[in-house]
Amino acid sequence: MKLNSIYTKAAVCALAALSFTACNEIDEDDRYIETPIVEVSKHVLIEDFTGQRCINCPNASITIGQIQELYGADNVIAVAIHSGPFSKTLSGTPLSLWTEAGDHYYNTYASGASQPAGIIDRRSGVQNTFSLWPTFVEGYLQMTTPLTLGATTQYDASTRTVTIDVTASSTDNVDGSLQVWLTENNIIDIQAMPDGSMNMEYEHNHVLRAAVNGNDGEAFPVSYGAEKTATYTYQLDEDWKAENMHVVAFVYNSNGVEQVISVPVIASEGGDAEGGSH
């Protein structure tokens, strides 16, 4: 697998924000530091268990944005899974971004956990202290995997149907399941805020909309030297904006996520969208 080197200069203020440290007294000339080279051997998945009544969840979302700015959104793929008690009203009625699939993942992987709760690459266990999420991400980015994933999409606007082709190859035998999700960005909806207010115009991003191939995916073993392909079609809900949507595909097993990729439902210039891990 080809390694991608990340060498970044990050503002001290941005890094300090990950640990909630103020930095308004730092001299301007001292506000930039060089972070170490990170050899990205695989992409990393952040499953962010969140809810529209969760007052601390916007801060977790900010942390995810800072992580992606540091390492690249193609390398760190986040999915906001609206689920659990804070995705429903006090009477138990689901709020607008709740999904049945989301509750399945919460009950399976984060049952009873306070929110926000993050699971990094399905290796970290449930992490409620989101200021620690960058540490897990950095470590998992440097892990090796034999698996390469690719994906292409074709979108038919007349039927609101997306066709997804996922391909995989490996330098070793990999036993796992393939999971394919649809996510949406730029959703304007209600959100409880850290100061206790309700923001009626909050922008929600990388929101889980649907599990394309079942809540737990399907068996997808990949043999050494072979290429494997899976094709899916899915009709988008009429309220979803296809231009803001992505396909997230990953292979996971008992060890965690072997590889994950994200591609837009519609390419920016129209036609096919494609992407992959190398």
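Computed over heavy atoms, backbone and side chain alike; hydrogens, waters and symmetry mates excluded.
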Exercise for the section: For V180 and L178, run side-chain contact (heavy atoms from CB on, under 4.5 Å): C-alpha distance rounded to whole Å, both residues' side-chain angles, the deciding distance at 0.1 Å, then the answer. Expected result: CA-CA 7 Å; V180 180; L178 172 65; 4.1 Å; yes
Handout entry: Joint cluster assignment, Y71 & L132, ILVMFWY side-chain distance < 4.5 Å
Key = yes
Practice task
Determine whether the side chains of D216 and Q179 contain a donor N or O and an acceptor N or O closer than 3.5 Å.
Solution key: no
Practice task
Quick one: do E138 and L70 satisfy side-chain contact (heavy atoms from CB on, under 4.5 Å)? Show the steps, please.
Solution key: CA-CA 10 Å; E138 181 179 346; L70 191 61; over 6 Å; no
Exercise for the section: For the residue pair V79 and L45, establish whether any side-chain heavy-atom pair is separated by less than 4.5 Å. Expected result: yes
Practice task
Look only at the side chain of R53 and the backbone of P85, and say whether a donor-acceptor pair between them is shorter than 3.5 Å.
Solution key: yes
Handout entry: Smallest separation among heavy atoms of A249 and V166, with atom names
Key = CB-CG2, 4.2 Å
Exercise for the section: Find out if a path of hydrophobic residues (ILVMFWY) with successive side-chain heavy-atom gaps under 4.5 Å connects I164 to Y155. Expected result: yes
Problem - Q259 and H43, any side-chain heavy atoms less than 4.5 Å apart - result: yes
Handout entry: Under 3.5 Å: donor-acceptor pair, side chain of D172, backbone of P146
Key = no
Problem - Parallel, tilted or perpendicular: ring planes of Y105 versus Y109, cut at 30 and 60 degrees - result: parallel
Exercise for the section: Using a strict 4.0 Å threshold on nitrogen-to-oxygen distance, state whether D121 and K42 make a salt bridge. Expected result: yes
Practice task
Any chance you could measure T183, atom OG1, to W240, atom CH2, to the nearest 0.5 Å?
Solution key: 10.5 Å
Practice task
Answer yes or no: is there a side-chain heavy-atom contact under 4.5 Å between S170 and S223?
Solution key: no
Exercise for the section: Please determine, by modelled atom types, if E218 and Y232 share a side-chain donor-acceptor pair under 3.5 angstrom. Expected result: yes
Problem - Separation of T135 OG1 from I120 CD1 (nearest 0.5 Å) - result: 10.0 Å
Practice task
Indicate if Y234 and I261 have the same hydrophobic cluster label, given that clusters are the connected sets of ILVMFWY residues with side-chain heavy-atom separations under 4.5 angstrom.
Solution key: yes
Handout entry: Under 3.5 Å side-chain donor-acceptor pair for N205 and E203
Key = yes
Exercise for the section: Spell out, as yes or no, whether a donor-acceptor pair under 3.5 Å connects the side chain of K228 to the backbone of T167. Expected result: no
Practice task
Determine the minimum heavy-atom distance between R160 and D237, stating which atoms define it.
Solution key: NH2-O, 2.7 Å
Problem - Ring center gap for H104 and Y106 short of 6.0 angstrom - result: no
Practice task
Could you check if a side-chain atom of R209 sits within less than 4.5 angstrom of a side-chain atom of L97, using non-hydrogen atoms only?
Solution key: yes
Practice task
Taking atom CG of D74 as the centre, report whether more than 12 heavy atoms of other residues, nucleotides or ligands fall under 6.0 Å from it.
Solution key: no
Problem - Main-chain N/O of S114 paired to N128 side chain as donor or acceptor, under 3.5 Å - result: yes
Handout entry: Backbone of I81 reached by a side-chain donor or acceptor of S83 within 3.5 Å
Key = yes
Practice task
With the side chain counted from C-beta on, respond yes when P58 and P194 share a heavy-atom pair under 4.5 Å apart, and no when they do not.
Solution key: yes
Practice task
Please determine if D103 and K88 form a salt bridge, counting it only when a charged side-chain N lies under 4.0 Å from a carboxylate O.
Solution key: yes
Handout entry: Residues D156 and T161: side-chain donor-acceptor under 3.5 angstrom
Key = no
Handout entry: Any side-chain heavy-atom pair of I190 and Y202 under 4.5 Å
Key = no
Problem - Heavy-atom closest contact (V248 atom, S262 atom, distance) - result: CG2-OG, 4.0 Å
Completion exercise
Residues A151 and V263: closest non-hydrogen pair is O-CG1, 4.0 Å
Problem - Pair D48, T50: side-chain N/O donor-acceptor within cut-off below 3.5 Å - result: no
Exercise for the section: Please report the C-alpha distance between L147 and V222 in whole Å, then the side-chain angles of each, then the deciding distance to 0.1 Å, and finally whether the side-chain contact (heavy atoms from CB on, under 4.5 Å) criterion is met. Expected result: CA-CA 8 Å; L147 191 65; V222 182; 4.0 Å; yes
Problem - Over all atoms of both residues, closest heavy-atom pair of G118 and S124 - result: O-OG, 4.3 Å
Problem - Least distance between heavy atoms, Q191 atom then C57 atom - result: NE2-CB, 4.5 Å
Problem - Hydrophobic cluster identity match, Y252 and L208, side-chain contacts under 4.5 Å - result: yes
Practice task
Spell out, as yes or no, whether a donor-acceptor pair under 3.5 Å connects the side chain of T99 to the backbone of G102.
Solution key: yes
Problem - I119 vs Q127 side-chain heavy atoms within contact, under 4.5 Å - result: no
Handout entry: Approximate separation, where rounding is to 0.5 Å, of Q115 CD and F49 CZ
Key = 9.0 Å
Exercise for the section: Give the cluster check for M143 versus V44: same hydrophobic cluster or not, with ILVMFWY residues linked at side-chain heavy-atom distances below 4.5 Å. Expected result: yes
Handout entry: Euclidean distance, N185 CG relative to N244 CG, rounded to 0.5 Å
Key = 6.5 Å
Handout entry: E47/R122 ion pair, N-O < 4.0 Å
Key = yes
Problem - Separation between CG of N213 and OG1 of T231, rounded to the nearest 0.5 Å - result: 12.0 Å
Problem - Heavy-atom donor-acceptor pair, S87 side chain to G84 backbone, under 3.5 Å - result: yes
Handout entry: Side-chain donor-acceptor contact under 3.5 Å, T89 with S91
Key = yes
Exercise for the section: Give me the one residue out of V257, V260, L149, T145 that meets side chain to side chain contact (heavy atoms under 4.5 Å, CB included) with V251. Expected result: L149
Problem - Validation row: V212, W181 side chains within 4.5 angstrom (heavy atoms) - result: no
Problem - Result of checking H204, E243, M245, H246 against E184 for side chain to side chain contact (heavy atoms under 4.5 Å, CB included) - result: M245
Exercise for the section: Please lay out, stage by stage, how L182 and V265 fare under the test side-chain contact (heavy atoms from CB on, under 4.5 Å). Expected result: CA-CA 9 Å; L182 288 172; V265 165; 4.0 Å; yes
Exercise for the section: Using modelled atom types only, decide if a donor and an acceptor are shared between the side chain of Q52 and the backbone of D189 within a distance under 3.5 Å. Expected result: no
Fill in the blank from the handout: Between the CZ atom in F130 and the CH2 atom in W133, the distance rounded to the nearest 0.5 Å is 7.5 Å
